[in-house]
Amino acid sequence: MGGVATRGTAINFGQYGLKALGRGWISAREIEAARRAMTRYIKRDGEVWIRIFPDKPVTTQPAETGMGGGKGTLDHFVVVVKPGQIMFEMSGVSEEIAREAMRLAGHKISVRTRFAVRDE
């Protein structure tokens, strides 16, 4: 997962965004928790766009299983995130509300994030 993001680095749909500063895997559960935190804080006022989609399957072997025996069963899905990628976008609310909603969402995600404003 070396390098920085070359796609998805601009805010295209909303006025405010949540940008990844680190790299890693973000699970579907983390994305849903962040979405819920944002929409609850803005009281379903504005619009929220989710710019990432968990399309990478992750498999696991049961505990105390010896080597061999093939690939494990599907456990969950993740999305690979690189620095600079916009993960969420928001519009229809003031900057203070958007900043706090994105801060709450950032706490639910396992990579460092930063609030971003669209350049006009």
Review point. Going from NZ on Lys19 to CZ on Arg114, what distance comes out if it is rounded to the nearest 0.5 angstrom?
Key: 8.5 Å

Check your understanding: Got a second to check how far Arg99's CZ is from Tyr41's OH, nearest 0.5 Å?
Key -> 12.0 Å

Would you find a donor on one side and an acceptor on the other, under 3.5 Å apart, between the side chain of [X] and the backbone of [Y]?
X	Y	answer
Thr9	Thr6	no
Gln85	Arg51	no
Glu89	Asn12	yes

Minimum-distance pair of heavy atoms, taken over all atoms of [X] and [Y]:
X	Y	value
Gln15	Ser91	N-CB, 3.7 Å
Pro54	Ala28	CG-CB, 3.8 Å
Gly84	Ala5	C-CB, 4.2 Å

Check your understanding: Checking side chain to side chain contact (heavy atoms under 4.5 Å, CB included) for the pair Val58/Val78: CA distance, chi angles, key distance, verdict?
Key -> CA-CA 7 Å; Val58 176; Val78 297; 3.7 Å; yes

Would a single hydrophobic cluster contain both [Y] and [X], if residues Ile, Leu, Val, Met, Phe, Trp and Tyr are joined by side-chain heavy-atom contacts under 4.5 Å?
X	Y	answer
Leu104	Met38	yes
Ile42	Phe115	yes
Phe88	Ile11	no
Ile109	Ile50	yes

Side-chain contact test, heavy atoms from C-beta onward, threshold under 4.5 Å: evaluate it for [X] versus [Y] and give yes or no.
X	Y	value
Tyr16	Ile97	no
Ile86	Leu18	no
Met102	Met90	yes
Leu21	Val111	no
Val93	Asp45	yes
Pro57	Leu74	yes
Val80	Lys56	yes

Check your understanding: Between the side chains of Ser110 and Glu30, is a donor N or O closer than 3.5 angstrom to an acceptor N or O?
Key -> yes

**Study point:** Hydrophobic cluster of Trp49, others only, ordered by chain and residue number, side-chain cut-off 4.5 Å
**Key:** Phe13

Check your understanding: Can you list the steps and then say if Ile26 with Met87 is a side chain to side chain contact (heavy atoms under 4.5 Å, CB included)?
Key -> CA-CA 10 Å; Ile26 297 177; Met87 297 182 290; 3.5 Å; yes

Practice item. Might you work through the side chain to side chain contact (heavy atoms under 4.5 Å, CB included) test for Ile52 and Ile31, ending with a clear yes or no? Key: CA-CA 8 Å; Ile52 53 178; Ile31 296 170; 3.9 Å; yes

Practice item. Decide, yes or no, whether a salt bridge links Arg35 with Glu32 under the criterion of side-chain N to carboxylate O below 4.0 Å. Key: yes

